Amino acid sequence: MIEGKKLDEDVIGTYIRENLQGDCLLAVGDEELIKIHYHTNEPWKLLEYCASLGEIYDIVIEDMERQARGCKG
């Protein structure tokens, strides 16, 4: 989640797609609060970008490969 001023989900989504490797992007919200969901192997780059836009919180980073290994019987 990013809390800030004059946030634009389209601009944010475009920047992420064009500059950060990953997939399954969701960027939804309004001018003061945007929720980002993104699958990437470089979460620190996404966090750095989001922090440049405003205050970030409710951060969840999960290692999906590790989870998949744990689910195999």
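Quick caveat: nothing in here was measured; it's all calculated off a predicted structure.
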Between Ile56 and Cys50 the two heavy atoms that sit nearest each other are CG2-CB, 3.6 Å

So, taking the atom named CG in Leu53 and the one named NZ in Lys5, what distance separates them when rounded to the nearest 0.5 Å? 14.0 Å

Linking I/L/V/M/F/W/Y whenever their side-chain heavy atoms sit closer than 4.5 Å, directly or via other members, would Met1 and Val60 fall into one cluster? no

Return the minimal non-hydrogen interatomic distance between Lys45 and Leu20, and the atom names on each side. CB-CD2, 3.8 Å

Closest contact, heavy atoms only, Thr40 versus Gln21: OG1-O, 2.7 Å

Is there a side-chain contact (heavy atoms from CB on, under 4.5 Å) between Ile59 and Leu47 once you walk through the steps? CA-CA 9 Å; Ile59 301 166; Leu47 290 172; 4.0 Å; yes

Using modelled atom types only, decide if a donor and an acceptor are shared between the side chain of Glu9 and the backbone of Gly29 within a distance under 3.5 Å. yes

For residues Leu7 and Asp30, determine if any side-chain heavy atom of one lies less than 4.5 Å from a side-chain heavy atom of the other. no

Could you please spell out the steps behind the side-chain contact (heavy atoms from CB on, under 4.5 Å) verdict for Glu55 and Ile2? CA-CA 6 Å; Glu55 183 179 348; Ile2 308 166; over 6 Å; no

Audit row: Ile36, Leu26, side-chain contact (heavy atoms from CB on, under 4.5 Å) steps and yes/no: CA-CA 6 Å; Ile36 304 290; Leu26 291 174; over 6 Å; no

Does atom CG (Asn19) have a neighbourhood of more than 12 heavy atoms from anything else shown, all under 6.0 Å? yes

With side-chain contact (heavy atoms from CB on, under 4.5 Å) as the criterion, how do Ile34 and Ile12 come out once you've worked through the C-alpha distance, each side chain's angles and the decisive distance to 0.1 Å? CA-CA 9 Å; Ile34 301 279; Ile12 292 169; 4.0 Å; yes

Name all residues meeting the ring pair (Phe, Tyr, Trp, His ring centres under 6.0 Å) criterion together with Tyr38; count only those two or more places apart in sequence or in a different chain, and write none if there are none. none

Within the structure provided, determine whether Asp8 and Glu31 are in side-chain contact (heavy-atom separation under 4.5 Å). no

Among residues two or more places apart or on two chains, list those pairs meeting ring-ring contact (aromatic ring centres under 6.0 Å, His included) that have a residue in residues 40-66. Tyr15-Tyr49

What do you reckon, is CD of Glu42 surrounded by more than 12 foreign heavy atoms closer than 6.0 Å? yes

